[in-house]
Each structure stands twice: as C-alpha cells, then as structure tokens.
Amino acid sequence: MTSSTDTRISVNIRLNSQMTDILGTNRLTVTVDESSTVTDVKQEIKKNHPSIEIHLDGTLPVISGRMVNLDKVVEKGQEIAFLSPAAGG
C-alpha cells in the first residue's frame with residue numbers, strides 16, 4: 001500500500017532517436033516512488049509524454065551499459081536509456 005509519506009526520487013532518462021525527434025530532446029527526468037521499477041518509470045513517461053508511447057514500448061531498458069529487466073528497481077539519480085533493439089541480418 002502506498003502512503004503519502006513515501007519518498008519520491010528522480011530518475012534520468014535517455015531516449016532513442018525516434019523519441020528525440022518527437023519530443024525535441026534526448027533527455028528527461030522522471031519522478032517516481034522510491035521502490036519503483038523500470039515498468040513504473042515507463043508508465044510515468046507515457047503519462048507525461050503520450051506521443052512517444054508506441055516508440056517507448058519497443059525499446060530495451062539499459063542501466064550502466066547493461067540491459068535490465070522491467071522489474072528492476074530503480075535508484076535515485078540513476079540513468080535509464082531506452083534504446084532501440086539492434087537489427088541483425
């Protein structure tokens with residue numbers, strides 16, 4: 001259960017080129033509850049920037065150079081990059 005005394009944290013976001021073209025910036029800052037996951041961060045981005053939702057859904061979350069699961073708990077000040085999957089051939 002969420003209480004009004006839960007701590008909020010800021011997380012830095014780096015966007016892929018498609019989302020950058022739409023928003024005109026490649027970086028965002030999102031504020032979420034302290035125990036939030038990458039999924040929660042994505043939901044907050046979608047709420048604030050619905051124009052990039054379809055592009056955000058197809059991205060891979062990367063923290064500190066490593067792809068992470070959507071259930072990964074985020075930390076204050078952390079940067080999450082939402083990158084397009086690499087095409088292979």
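Since the structure is predicted, the reported quantities are computational estimates derived from the model, not experimental observations.
- Side-chain atoms of Ser84 and Asn16 include a donor-acceptor pair closer than 3.5 Å.
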Start with the C-alpha gap between Val32 and Val11, add the side-chain angles, then the distance that decides, and say whether side chain to side chain contact (heavy atoms under 4.5 Å, CB included) holds. CA-CA 8 Å; Val32 294; Val11 180; 4.2 Å; yes

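- Without hydrogens or angle criteria, Thr39 side chain to Leu70 main chain gives a donor-acceptor distance under 3.5 Å.
- Distance check: Arg27 CZ to Ile13 CD1 gives 10.5 Å after rounding to the nearest 0.5 Å.
- Linking ILVMFWY side-chain heavy atoms closer than 4.5 Å, directly or via other members, places Met19 and Ile63 in a single hydrophobic cluster.
- The closest donor-acceptor contact from the side chain of Gln78 to the backbone of Glu75 lies under 3.5 Å.
- We find the OG1-NE2 distance between Thr59 and His55 to be 11.0 Å, quoted to the nearest 0.5 Å.
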Go through it in stages, so that I can follow the logic: the residues are Val30 and Ser10, the test is side chain to side chain contact (heavy atoms under 4.5 Å, CB included), and I'd like the CA-CA distance, side-chain angles, deciding distance and then a yes or no. CA-CA 6 Å; Val30 176; Ser10 293; over 6 Å; no

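- Between the CG atom in Leu15 and the CG atom in Leu56 there is a gap of 8.0 Å [rounded to 0.5 Å].
- Distance check, rounded to the nearest 0.5 Å: CG of Leu28 to OG1 of Thr20 gives 8.5 Å.
- With rounding to the nearest 0.5 angstrom, the CZ atom of Arg14 is 11.5 Å from the CZ atom of Phe82.
- Criterion: ILVMFWY side-chain heavy atoms under 4.5 Å apart, direct or through other members. Under it, Leu23 and Val41 are part of a common hydrophobic cluster.
- Side-chain atoms of Asp33 and Ser36 include no donor-acceptor pair closer than 3.5 Å.
- With hydrogens and angles ignored, the 3.5 Å screen pairs no side-chain donor or acceptor of Asn48 with any backbone N or O of Ile45.
- Open room surrounds CD1 on Ile54; 12 or fewer heavy atoms of other groups in view lie less than 6.0 Å from it.
- We find the CD-CD distance between Gln43 and Glu53 to be 7.5 Å, quoted to the nearest 0.5 Å.
- Look at Glu34 and Arg8 and you find no salt bridge, because none of the NZ, NE, NH1 or NH2 atoms lies under 4.0 Å from a carboxylate O.
- The side-chain heavy atoms of Thr31 and Ile9, taken from C-beta on, include no pair separated by under 4.5 Å.
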